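First up is the structure itself, then whatever we jot down about it.
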Amino acid sequence: MFLREYVPQSLRDAWRAVFEQLRQGAMSVSEYAVRFSELARHAPALDATVRERVRRFIEGLHPSIQASMASKLEIDITYQQGVSIARRVDGMFAQGREEREAKRS
């Protein structure tokens with residue numbers, strides 16, 4: 001209600017467009033999750049169900065993390081469970097990178 005009454009439609013449309021294009025990029029999974037949640041508030045129709053919200057979140061992750069989480073789309077998980085799993089997967093990838101870099105030194 002507040003958004004509809006006090007925020008211009010053009011600004012709400014801009015937020016929705018940013019949400020639709022949101023990708024993890026250089027953000028950590030935690031930063032991406034926060035940004036995703038902030039923008040999702042402005043586009044409730046785009047992630048009307050829990051399953052849709054999880055799907056959109058996973059689609060915006062780095063491809064390597066997406067691949068690790070593909071099976072999660074087949075089961076019903078909450079958004080928070082999806083974020084938690086993505087953080088663990090990202091942590092495992094980071095640890096692997098650190099170990100490879102340490103071996104090079």
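Along the sequence shown, residues carry numbers from 1. Bear in mind that the values here come from a model prediction, so they are computed numbers and not experimental data.
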Please round to the nearest 0.5 Å and tell me the distance separating atom [atom1] of [X] and atom [atom2] of [Y].
{"X": "R87", "Y": "Y32", "atom1": "CZ", "atom2": "OH", "value": "12.5 Å"}
{"X": "F19", "Y": "R41", "atom1": "CZ", "atom2": "CZ", "value": "11.5 Å"}
{"X": "E38", "Y": "L22", "atom1": "CD", "atom2": "CG", "value": "10.0 Å"}
{"X": "R100", "Y": "Q95", "atom1": "CZ", "atom2": "CD", "value": "10.5 Å"}

Contact summary for [X] and [Y], nearest pair of heavy atoms:
{"X": "M27", "Y": "H62", "result": "O-NE2, 4.4 Å"}
{"X": "S68", "Y": "F93", "result": "OG-CZ, 3.7 Å"}
{"X": "S37", "Y": "R53", "result": "OG-NH2, 3.4 Å"}
{"X": "R51", "Y": "D76", "result": "NH1-OD1, 2.7 Å"}
{"X": "I65", "Y": "V29", "result": "CD1-CG2, 4.0 Å"}
{"X": "A86", "Y": "L61", "result": "CB-CD1, 3.9 Å"}

Subject >> Verify same cluster id: M92, I85 (apolar side-chain graph, 4.5 Å) >> reply: yes
Original post:
Any chain of hydrophobic side-chain contacts (each under 4.5 Å) joining V83 to V50?
Top reply: yes
Subject >> Residues R16 and E20 bridged, charged N to O under 4.0 Å >> reply: yes
Subject >> SB check E52 R56 (cutoff 4.0 Å) >> reply: yes
Subject >> Check: Q24 side chain, G60 main-chain N or O, donor-acceptor pair, under 3.5 Å >> reply: no
Subject >> Side-chain (Q81) to main-chain (T78) donor-acceptor, under 3.5 angstrom >> reply: yes
Original post:
When the ring planes of Y79 and F36 are compared, do they come out parallel, tilted or perpendicular, using 30° and 60° as the limits?
Top reply: parallel
Original post:
Just wondering, do V18 and R35 contact through their side chains at under 4.5 Å, heavy atoms?
Top reply: yes
Subject >> Chi angles and distances behind the salt bridge (Lys or Arg N to Asp or Glu O under 4.0 Å) call for E101, R97 >> reply: CA-CA 6 Å; E101 289 174 12; R97 283 190 301 270; 5.8 Å; no
